[in-house]
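I have placed the structure first, in the form of structure tokens, so that the comments after it can refer back to it.
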Amino acid sequence: MKTSFKKATAQKGFTLIEMLVSVGLFAVVMTISLGVIMSVIDGNKKSQAINSVSNNLSFAIESMVRDIKTGYEYRCAYSEFPITDLVKSIPSNCSPSTALNYINLISTISGAERSVHYEFVAPSGNAPGYILKKSCTAAGSCGADSKVTSPEINITDMRFYIKSPNTSQGDPNAEQPGVFLLIRGTAKVNPTTVSTFNLQTFISQRVLNI
């Protein structure tokens, strides 16, 4: 009688220790990957918030600059508002070394002359500082005051240095009026992130004094 023997084959698989090591490595990789993903998402949110605040600030400043650039009769006296004498002349001599927190002028940007007043309102308590705009028609009819900047923007300082020489209308040697504008403040990106800014620009009047 012939007896046959079958060779025993070793069964392949993972030991408990190998499984634990694999699961541990997988958990470490997933934790690191999740942290990177969350950092990217948080950075993207901050970037979008910064862009939103920056766009609001740029729009506010640009609208004010265009108003001044296309206007005339820059007034240095606070009491000279609204302006009702719409003549293209220099009514007073503004010292370029004097810092003002306001400016009065005649705006032409809407097509019809309007008396416009821009003023810096300082922060008070928890209320942020802002740029205030007043606008009146040539007849002296004024609309409601409006804030140019959004609540996320805190204007801490704004100065107007008005170059408005006292020259007579039609003088061929008359210098063009201009305004040096300086603005400082902070922009709240989120409850924990605040960005500071410091802007300065010179605005040359486009309306010729002739």
Side-chain angles (χ1 to χ4, degrees), residues 1-70 99 101-103 109-110 116 118-135 144-161 178-204:
M1 183 176 179
K2 188 176 180 180
T3 303
S4 61
F5 296 93
K6 292 184 179 180
K7 186 177 180 180
T9 58
Q11 295 185 3
K12 297 181 179 180
F14 297 101
T15 64
L16 179 61
I17 295 177
E18 291 174 332
M19 288 293 294
L20 291 175
V21 171
S22 300
V23 171
L25 290 175
F26 177 77
V28 171
V29 171
M30 288 300 297
T31 301
I32 295 174
S33 301
L34 183 61
V36 172
I37 293 174
M38 293 302 294
S39 297
V40 171
I41 294 175
D42 185 58
N44 184 53
K45 288 182 178 179
K46 287 183 179 179
S47 178
Q48 290 180 351
I50 291 173
N51 288 337
S52 176
V53 173
S54 176
N55 289 338
N56 178 274
L57 178 63
S58 297
F59 178 78
I61 301 299
E62 181 63 23
S63 63
M64 183 172 62
V65 168
R66 286 190 295 119
D67 239 354
I68 298 173
K69 184 181 296 183
T70 58
N101 65 351
Y102 63 88
I103 185 174
I109 197 168
S110 63
V116 173
Y118 285 102
E119 180 180 353
F120 163 57
V121 179
S124 177
N126 294 326
Y130 59 92
I131 302 174
L132 177 71
K133 179 181 180 180
K134 301 179 181 180
S135 180
D145 298 350
S146 61
K147 294 181 179 180
V148 176
T149 49
S150 67
E152 293 81 15
I153 299 172
N154 178 28
I155 305 295
T156 57
D157 188 22
M158 184 172 73
R159 303 176 190 175
F160 295 96
Y161 295 89
V179 178
F180 181 76
L181 176 61
L182 174 64
I183 300 178
R184 296 189 181 97
T186 60
K188 182 184 258 188
V189 178
N190 55 45
T192 59
T193 305
V194 176
S195 177
T196 61
F197 59 86
N198 187 348
L199 305 175
Q200 57 184 20
T201 183
F202 182 76
I203 310 164
S204 181

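- Within 6.0 Å of the NZ atom in Lys188, the count of heavy atoms belonging to other residues, nucleotides or ligands does not exceed 12.
- Expressed to the nearest 0.5 Å, how far OG of Ser195 lies from CG of Leu57 amounts to 10.0 Å.
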Pair Met158, Ile131 - check side-chain contact (heavy atoms from CB on, under 4.5 Å), show working. CA-CA 8 Å; Met158 184 172 73; Ile131 302 174; 3.7 Å; yes
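- The distance from atom CD of Glu152 to atom OG1 of Thr186, rounded to the nearest 0.5 Å, is 11.5 Å.
- We find the CD1-CE distance between Ile203 and Met64 to be 6.5 Å, quoted to the nearest 0.5 Å.
- In this structure, Phe120 and Ala122 approach most closely via the heavy-atom pair CZ-CA, 3.6 Å.
- If you take OH on Tyr102 and NZ on Lys134, they are separated by 12.0 Å, rounding to the nearest 0.5 Å.
- When each of Thr156, Asn154, Ile155 is tested with Pro128 by the rule side chain to side chain contact (heavy atoms under 4.5 Å, CB included), just one qualifies, namely Asn154.
- The two residues Thr31 and Ala27 make their nearest non-hydrogen contact at OG1-O, 2.8 Å.
- With sequence neighbours left out, Glu119 forms a side-chain hydrogen bond (donor to acceptor under 3.5 Å, both in side chains) with Tyr78, His117.
- Between Phe160 and Asn101, the closest heavy-atom pair is CD1-C, 3.9 Å.
- Residues Thr149 and Ile61 fail the side-chain proximity criterion, which asks for heavy atoms closer than 4.5 Å.
- Contact check for Phe59 versus Val148: no side-chain heavy atoms found under the 4.5 Å cut-off.
- The two residues Phe197 and Ile183 come nearest to each other via the heavy atoms CE1-CG2, 4.0 Å.
- Looking at residues two or more places apart in sequence or on another chain, you find a side-chain contact (heavy atoms from CB on, under 4.5 Å) between Phe202 and Phe180, Ser204.
- Nearest heavy-atom pair, Thr70 versus Arg66, reported as atom, atom and distance to 0.1 Å: OG1-O, 2.7 Å.
- In this structure the side chain of Arg184 reaches within 4.5 angstrom of the side chain of Arg159, judged on heavy atoms.
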